[in-house]
Amino acid sequence: MLSEIIFYGSSVALISLGIMIVLTKRNLIKMIVGLSILDSGANLFLISIGYINGGTAPIMNENWSVVVDPVPQALVLTAIVIGVAVMAMALAIVVRIYEKFGTLDIRRIKELKW
Amino acid sequence: MVSPILIIAFSLFAAFFIAFFSKISKGIGRIVAFITVSVNLVISIYVIQNAMVKPILVFTGGFKPPFAINLAVDQLSAFLVLLVQILAFCMISYQMGKKGELPENKFYTLFILNVMGVSGMMMTGDIFNLFVFFEITAISSYGLVAIRKDKAALEGSMKYLIISSIGSSLFLIAIALIYGQLGTLNMADIAQKISMVNGSVLITAFLLIVSAFFIESEIFPFNGWAPDAYEGSNDTVTAMLSGFISKAGLYALLRLSFIVFGIGIKNSLFLTFGITTFIIAELSALRQTRLKRMLAYSSIGQMGLILAIMGIGTQQAVFAGIFQIFNHAFSKAILFLAFGYIFIHTGWREIEQFRGFGRKRPFLGALMSIAILNLLGFPIFAGFWSKIAILSEVGRNAKFLVLVFILFAAVVEVYYYFRFLKISYSAPVDDTAPKKTNFAVGISLTTMAVIVIAVGVYPSIITNFINSAAMALMDKAHYIQWVLGG
């Protein structure tokens, strides 16, 4: 019971922290760090759903009794890979933005404005 | 029997083939991309023929649903996939015709991946697979928007990336909530067991999904990225964003809310947000001086109109919405591609610079006029039938306030489009020499214009498909039955 509270509590904390960073920071690198934290929070939430206290890895042998749900683990692996791809894409664009604009401050990146 | 999974397999193969061989041959991208898109078009024609008789279920690994990952292609999916492939074919022809400065092989790799992601989103029957295809579409779109690597493109792409990544994380959380309650990821299985979900969890998951896909389908207030990404991106990419990437987000939203969740709150939610988007976007379009940004706001407004009409929730309303998806996709593809072609040759950006353009380049002027009149719903164009269907369905359900709002925004839309037409057909003041239109570009734009007029004159060639698609979207019990029982 305690472990569930820790897992769910910290995933909610990470998700809120990530969204807060993206919304309040003005530096592109910090915003991307926020996205990364948000992603980790979502992954932690997904993996906590399949977790059973005292469960072992879902490998079939003679002495297994309680195993955790393997599906969320497979999902989280996929989600982590996708998250890494998004981070790589974001950082590549940020490098280009720094080359062109000479700044990472979003208040000074205003090419498009109506 | 041609399996719809071939579209995904073949596109993935071709995309990485181009990436692998791009160092050896510079021209390989356009050839492979053209072949891939043509093959996809042929496959999707087979798929819609089969799906009209009986929905197609493809599953992997030898397990039946709900255990295996599956593709569930019903009439709605097949119709939209065919629409995407026709548009992709026209865009590839356009792209081959113009001499662009962008890195070609990278563009074609991303283009094919994007078309694959969109088709996958429309065909999958598994909610986590939907997330994966959604991310493939999104990541390749970030790359496509930024491909020109100038200031505007990078800024548009960055805004799109940040907002859309938040959306995909929200969607992942919603999947986790549903999985935690039901222990299944198959959409039909979730739909069957949805009444077992705790009420507050259901609403939370639904609202998370709605926010995630409102971002992708450019619904106010989640659409801050859209005008910038449209304006920053390259011509073909803008047509893709408007033509099918936003439609894929809308499709996922409709599939999840009509078939999987099926809760009543969706109707008023869609109606409110759709009408708000329609009015705000059209009023924003009115005050634009740049043509591309005006078209971008008009595109957002049309997405709002489609969402609002879906919110009425009757089968006729869904029919009208799908018809409007078809019209909007073709009209905006013509407009953005024609604008992009003119922009490359003249550098015109402001609406005022188009003064007299319709007289000097009558071919492109006529195509743009056809697209605009189709979008506004004039007779002999396909848009007429969808506008009629929308207005009569809103009237029949006695939603007169909605009718007033729709008519108001439509009048605004007519006003700024006619202002543009009037400028483009007034006496020429600028005398840059008119250039001839490239053959492939002309063919590609004319094909889309001919489709629009053909459907306008003989609407029966398409209403049959749209009717079955609307029926497929409304009939939840049938979806569950054919996925799980077949």
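Keep in mind that this is a model prediction, so the values were computed, not measured. Per chain, numbering begins at 1; letters A, B, ... match sequence-line order.
Across all their heavy atoms, Lys151(B) and Lys100(A) have their closest contact at CE-O, 3.5 Å. In plain terms, the two heavy atoms of Ala176(B) and Ile49(A) that are nearest each other are O-CD1, 2.8 Å. Nearest heavy atoms, Ser169(B) versus Ala42(A): O-CB, 4.3 Å.
Of the inter-residue distances, the one linking Ile106(A) atom CD1 with Ile162(B) atom CD1 reads 7.0 Å to the nearest 0.5 angstrom. Separation of atoms CZ (Phe131(B)) and OG1 (Thr78(A)) is listed at 9.0 Å; rounding is to 0.5 Å. From Met89(A), atom CE reaches atom OG of Ser141(B) across 9.5 Å, with rounding to the nearest 0.5 Å. Separating the OG atom in Ser165(B) from the CG atom in Asp39(A) is a distance of 8.0 Å, to the nearest 0.5 Å. Interatomic distance, CD1 of Ile82(A) versus CG of Leu172(B), reported as 8.5 Å (0.5 Å rounding). Leu170(B) CG to Leu38(A) CG: the interatomic distance, rounded to the nearest 0.5 Å, is 7.0 Å.
By the side chain to side chain donor-acceptor pair (under 3.5 Å) test, Ser40(A) pairs with no residue at all, sequence neighbours left out. Legend: residues meeting side chain to side chain contact (heavy atoms under 4.5 Å, CB included) with Ile97(A), ordered by chain and number and at least two apart, are Leu28(A), Ile93(A), Phe101(A), Ile109(A), Leu154(B), Met158(B).
For Val86(A), the parts lying under 4.5 angstrom from a heavy atom of chain B are both the backbone and the side chain. Contacts between Ile15(A) and chain B at a heavy-atom distance below 4.5 Å involve the side chain alone, from C-beta outward. The parts of Leu75(A) that come within reach of chain B are both its backbone and its side chain, each placing non-hydrogen atoms under 4.5 angstrom from that chain.
In the displayed structure, Phe16(B) atom CZ is contacted under 6.0 Å by at most 12 heavy atoms of other residues, nucleotides or ligands. Within a 6.0 Å sphere centred on OH of Tyr98(A), other residues, nucleotides and ligands contribute 12 heavy atoms or fewer.
Residues Leu161(B) and Leu35(A) form a side-chain contact, since some pair of their non-hydrogen atoms from C-beta on lies under 4.5 Å apart. You'll find the side chain of Phe128(B) stays beyond 4.5 Å of the side chain of Val71(A), heavy atoms only.
Contact count against chain A (heavy-atom pairs under 4.5 Å) is highest for Ile166(B) among Ile166(B), Thr289(B), Ile136(B), Val132(B).
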